[in-house]
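Only heavy atoms go into these numbers, but all of them, side chains included; no hydrogens, no water, no symmetry mates.
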Amino acid sequence: LQGLANLALLDLSHNQIALVAQESFQGLANLQRLDLNSNQLTVLAEGMFRGLNNLQGLYLRQNQIGTIEEGVFQEFMNLRTLDLSANQLATITQHNFQGLANLQVLYLEENQINNLDEGAFAAMQNLRELWLAENEIMEIEQGDFAGLINLKTLQITDNQIISIESGAFEELTELQQ
């Protein structure tokens, strides 16, 4: 993809992409939106998005992603929207989203999420919308939403929630829906 320094939108959706090599997007410093929806990706590997410092929207819906390696989003200081819905994620850890301090919208619905590690979203203080509907979450525990001081929308419908720990939502002072 050399010679495309001014490219702002790259739509690679609805293909059979199973692997993105490290630094495949090097030289696309002005890319603002990358659409990899409906492909065959299984792992988000550290370095695969290197060089996309100005990316504002990353769309990975409907792949087969089950693993997010630590540091994969490290350079994404400008990312505002991340769509990982309709994948195969089961556990969300505090290492999955490091580097996403300015993220505003995170779509995680239609995965197999059954575990949210304490502080999994803590690095995303500017997150305004978190979509976790249609997963397999059974318990909401204190600390699951720690650090989400600006969250306005939390969508957790169609899970298998059987218990909500006392104080689980107490940090969500800006929550509106």
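- Looking only at distances, a side-chain donor or acceptor of Glu165 sits under 3.5 Å from a matching main-chain atom of Gln142.
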* Carefully, step by step, assess Ile68 and Leu84 under the rule side chain to side chain contact (heavy atoms under 4.5 Å, CB included). => CA-CA 10 Å; Ile68 301 173; Leu84 285 164; 3.9 Å; yes
* Asked: Going through the checks in order, is the side chain to side chain contact (heavy atoms under 4.5 Å, CB included) test met by Ile113 and Ile92?
  -> CA-CA 7 Å; Ile113 299 169; Ile92 303 299; 3.9 Å; yes
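- Put simply, Tyr107 and Leu58 are part of two different groups of oily side chains (I, L, V, M, F, W, Y) that touch within less than 4.5 Å, one to the next.
- Taking 4.5 Å as the limit, every side-chain heavy atom of Leu82 sits out of range of all side-chain heavy atoms of Val105.
- Heavy atoms only, all atoms of each residue included: Val20 and Met48 are closest at CB-CE, 3.5 Å.
- Scored by the side chain to side chain contact (heavy atoms under 4.5 Å, CB included) test, Val43 finds Ala45, Thr67, Glu69 as partners (sequence neighbours excluded).
- Remark: side-chain polar atoms of Glu171 are paired, donor with acceptor, to backbone N or O of Gly147 under 3.5 angstrom.
- Figure legend: cation-pi geometry between Arg50 and Phe25 absent, as NZ or CZ is not positioned both under 6.0 Å from the six-membered ring centre and within 45° of its axis.
- A donor-acceptor pair is defined here as one N or O able to donate and one able to accept, closer than 3.5 Å; such a pair exists between the side chain of Asp83 and the backbone of Ser85.
- A donor-acceptor pair is defined here as one N or O able to donate and one able to accept, closer than 3.5 Å; no such pair exists between the side chain of Asn96 and the backbone of Gln94.
- Asn159 places a side-chain N or O within 3.5 Å of a backbone atom of Ile137 that can act as its donor or acceptor partner.
- Using modelled atom types and a 3.5 Å distance limit, the side chains of Asn39 and Asn37 yield no donor-acceptor pair.
- Note: the hydrophobic cluster containing Leu89 also contains Leu79 (ILVMFWY, side chain heavy atoms under 4.5 Å, direct or indirect links).
- Salt bridge present: Arg61 and Glu110 bring a charged side-chain N and a carboxylate O closer than 4.0 Å.
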* Which is it for Ile149 and Thr173 under the side chain to side chain contact (heavy atoms under 4.5 Å, CB included) test, yes or no, and what are the steps along the way? -> CA-CA 7 Å; Ile149 56 174; Thr173 57; 5.6 Å; no
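- Of all heavy-atom pairs between Leu151 and Leu130, the closest is CD1-N, 3.7 Å.
- Using modelled atom types and a 3.5 Å distance limit, the side chains of Ser24 and Gln26 yield no donor-acceptor pair.
- Side-chain atoms of Glu109 and Gln155 include no donor-acceptor pair closer than 3.5 Å.
- The main-chain N or O of Glu134 is never found under 3.5 Å from a side-chain atom of Asp158 such that the two would form a donor-acceptor pair.
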* Evaluate the side chain to side chain donor-acceptor pair (under 3.5 Å) criterion for residues Gln40 and Gln64: first the C-alpha distance (whole Å), next the side-chain angles of each, then the deciding distance (0.1 Å), finally the verdict. => CA-CA 6 Å; Gln40 305 295 318; Gln64 298 168 19; 2.7 Å; yes
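- Hydrophobic clustering (side-chain heavy atoms under 4.5 Å, transitive across Ile, Leu, Val, Met, Phe, Trp, Tyr) groups Leu12 together with Phe76.
- Annotation for Glu70 and Gln98: closest pair CG-OE1, 3.6 Å, computed over non-hydrogen atoms.
- Listed here is the closest heavy atom pair of Ile140 and Phe145: CG2-CE1, 3.6 Å.
- The minimum heavy-atom distance linking Met124 with Leu100 is given by the pair CG-O, 3.4 Å.
- Between the Gln32 side chain and the Asn54 main chain, no donor and acceptor come within less than 3.5 Å of each other.
- For the pair Arg128 (side chain) and Asn126 (backbone), a donor-acceptor distance under 3.5 Å is present.
- With Asn78 contributing its side chain and Gln56 its backbone, the two residues share no donor-acceptor pair below 3.5 Å.
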* Could you go step by step and tell me if Asn102 and Arg80 meet the side chain to side chain contact (heavy atoms under 4.5 Å, CB included) rule? -> CA-CA 6 Å; Asn102 293 311; Arg80 301 293 185 263; 3.3 Å; yes
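- Ala123 and Phe97 make their closest contact through CB-O, 4.3 Å (heavy atoms, listed as atom of the first residue, atom of the second, distance).
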